[in-house]
2 protein chains.
Amino acid sequence: MTDQGRNTSHADCPVALTIAGSDSGGGAGIQADLKTFTVLGVYGMSAITAVTAQNTVEVADVEVLPASAVTAQIDAVMSDIGCDAAKTGMLATAEIVEAVAEAVRRWEVPNLVVDPVMIAKSGHKLLADDACETLRTRLLPLAVVVTPNTREAEVLTGHAISGPEDILSAARELCCTGCRAVLIKGGHLAGDCDDYLYQAGDDAATVLPGQRIKTTNTHGTGCTFSAVLAAGLALGASVLESAWLAKHFVTLAIAEALPLGSGHGPTNHIAAAEALRERLKPNE
Amino acid sequence: MTDQGRNTSHADCPVALTIAGSDSGGGAGIQADLKTFTVLGVYGMSAITAVTAQNTVEVADVEVLPASAVTAQIDAVMSDIGCDAAKTGMLATAEIVEAVAEAVRRWEVPNLVVDPVMIAKSGHKLLADDACETLRTRLLPLAVVVTPNTREAEVLTGHAISGPEDILSAARELCCTGCRAVLIKGGHLAGDCDDYLYQAGDDAATVLPGQRIKTTNTHGTGCTFSAVLAAGLALGASVLESAWLAKHFVTLAIAEALPLGSGHGPTNHIAAAEALRERLKPNE
């Protein structure tokens with residue numbers, strides 16, 4: 001954690017920054033991130049990379065912002081407020097990935113979670129093809145933890161993933177970029193929804209076991225997962241503790257997902273936080 | 001309330017839409033609105049009009065979106081999800097005001113709260129001069145309630161306001177545009193922070209009394225106020241009930257405001273909601 005760019009102690013209220021796209025439907029993007037930060041007691045800020053016109057069915061319009069506008073947003077908040085953790089989501093273009101990496105490095109942004117968002121739940125491409133390599137070489141080295149699903153891990157490594165052994169080898173390979181940990185989400189594989197946390201230097205990955213919930217209302221699960229991780233780190237938890245928190249939170253948010261819209265409905269951040277609080281209550 | 005464009009019942013989770021600017025610092029704009037909706041148990045969606053690079057001191061950069069992109073966002077969410085209430089904040093240009101009025105009319109958006117945002121706490125102009133008249137003639141007639149502070153009410157009516165009598169006459173005049181109620185916030189006048197709710201056809205305004213809190217951390221109070229109003233209406237409360245809720249919530253949010261940044265710090269949505277819940281608890 002660095003004190004650069006911070007004018008106040010955040011002890012009373014940890015601060016997290018999301019650098020991502022805007023989802024008008026409110027289920028993913030900076031909207032999901034800010035909701036997640038808020039229900040976990042973390043003050044949320046944002047640098048928007050692209051404004052989408054989106055609902056539970058489709059991405060109807062995308063306005064990508066100039067890279068200079070993304071830099072201006074990060075500079076505005078880091079120069080005045082600072083942050084205890086940050087996450088990246090949809091970065092849209094190679095220019096924006098470059099700009100974000102430059103700003104993260106310049107401000108020494110602490111506890112960076114990189115969610116290598118590539119494709120929306122509805123199938124819409126959210127990262128230009130030529131931006132994947134920039135993301136791998138420029139941004140991954142700055143991350144405390146990177147959170148690809150198996151498809152994103154396949155694109156980033158160039159190797160097919162069909163089971164736990166492939167996941168461990170992909171995670172090891174991604175750690176060679178310089179990031180400190182890789183969390184690969186197994187939800188797209190057949191069977192259970194186990195996730196795998198590999199920390200640089202370890203022999204094995206920690207399995208975060210999960211059971212598949214029968215629902216199509218999973219819009220924004222990836223955004224929410226990485227937002228909980230960032231919130232956990234902002235609150236002072238370790239990467240492993242934050243990963244467990246993220247796994248539990250997202251499972252509860254899917255279980256309580258909202259049947260809104262006619263496509264993939266959004267997960268329920270409010271109910272997930274309430275359920276978590278209920279579980280953590282001391283016996284009376 | 002209309003059912004147009006709604007695919008599901010929102011009974012389990014009321015839905016509110018904010019049409020406003022983005023504040024990277026997280027204290028105002030759609031960020032304040034989404035945080036407010038969330039802590040009050042309302043599902044939040046957004047249509048972004050402009051992306052600002054902003055902190056507690058200044059607005060460093062503004063990227064205004066094309067009016068067509070604002071329409072696309074409103075269309076995306078209204079065609080698939082619908083909403084139980086909506087609010088407008090920073091609308092930036094006359095073209096965007098026109099586009100928002102057209103979309104609100106076409107989708108028969110229910111329970112519209114219009115916050116006629118003109119100037120940021122830091123002094124930056126957020127609405128073009130030629131857009132004020134468009135806002136008055138095109139958008140105000142569609143509102144259930146309009147929430148100017150005294151300065152905005154002066155601009156909208158063209159008359160100086162120096163006390164409660166001027167406020168009542170300004171509120172009556174604004175109601176002639178066709179909106180159903182006007183809530184004028186008295187915080188910029190000397191003395192206490194009383195607000196005034198005037199409902200069309202009434203003889204007098206209801207005074208919502210408030211005491212001035214000694215703090216400079218008031219960034220986003222106006223956005224938060226109108227967001228609570230919209231959330232209240234989405235939850236099924238009356239305009240008067242929602243106005244009381246907004247007055248109490250914002251007072252608590254200012255009392256617990258966060259000392260973040262070196263300018264006007266943001267109000268505290270999380271603490272305000274907790275304090276409200278504590279007050280509403282039955283005696284044990």
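Numbered from 1 within each chain, the chains take letters A, B, ... in sequence-line order. The figures here come from the full heavy-atom set of this structure, side chains too, leaving out hydrogens, waters and symmetry mates. Treat the numbers as computed from the prediction; the structure is a model and nothing was measured.
Most heavy-atom pairs under 4.5 Å with chain B, from the set A/A47, A/G265, A/P266: that is A/P266. Comparing A/A273, A/G41, A/A53, A/G263 by heavy-atom pairs within less than 4.5 Å of chain B, the highest count is held by A/A53. Contacts with chain B were tallied for A/H269, A/Q73, A/M45; A/Q73 has the most, counting heavy-atom pairs under 4.5 Å.
Side chain of B/D75 to main chain of B/M78: no donor-acceptor pair is present (N/O by atom type, distance under 3.5 Å, no hydrogens or angles). Formation of a donor-acceptor pair under 3.5 Å by the B/T215 side chain with backbone atoms of B/N217 is found in this model. At distances below 3.5 Å, not a single donor-acceptor pair connects side-chain atoms of B/N111 with backbone N or O atoms of B/A230.
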Please list every donor-acceptor pair under 3.5 Å in which a side-chain atom of residues 248-260 of chain A meets a protein atom from a residue at least two apart or in another chain.
from, atom 1, to, atom 2, distance (Å)
A/T251, OG1, A/K247, O, 2.7

Taking only distance into account, with no hydrogens and no angle test, what donor-acceptor pairs under 3.5 Å do side-chain atoms of residues 14-28 of chain B form with protein atoms, sequence neighbours excluded?
from, atom 1, to, atom 2, distance (Å)
B/T18, OG1, B/D33, OD2, 2.6
B/S22, OG, B/Q31, NE2, 2.9
B/D23, OD1, B/G25, N, 2.8
B/D23, OD2, B/G27, N, 3.4
B/D23, OD2, B/A28, N, 2.9
B/D23, OD2, B/H219, NE2, 2.7
B/S24, OG, B/Q54, N, 2.8
B/S24, OG, B/Q54, O, 2.8

Inset, instruction - Show your reasoning for whether side chain to side chain contact (heavy atoms under 4.5 Å, CB included) applies to A/C223 and A/K87. - result: CA-CA 9 Å; A/C223 302; A/K87 64 152 279 188; 4.1 Å; yes
Inset, instruction - Could you give me the CA-CA distance, side-chain angles and deciding distance for B/L276 and B/V39, then say whether side chain to side chain contact (heavy atoms under 4.5 Å, CB included) is met? - result: CA-CA 11 Å; B/L276 257 188; B/V39 297; over 6 Å; no
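Figure legend: B/K35 and A/Y43 shown as a cation-pi pair, the cationic atom lying under 6.0 angstrom from the six-membered ring centre and within 45 degrees of its axis.
When heavy atoms are compared at a cutoff of 4.5 Å, B/V51 approaches chain A solely by way of its side chain, counted from C-beta outward. Only the side chain of B/I30 comes within contact range of chain A, with heavy atoms under 4.5 Å apart. Both the backbone and the side chain of A/V57 come within contact range of chain B, with heavy atoms under 4.5 Å apart.
Of all residues spanning residues 61-71 of chain A, those with a heavy atom less than 4.5 Å away from chain B's heavy atoms are A/D61, A/E63, A/L65, A/P66, A/A69, arranged by number.
For A/I270, the side-chain contact (heavy atoms from CB on, under 4.5 Å) partners two or more places apart in sequence, or in a different chain, are A/N268, A/E274, B/T38.
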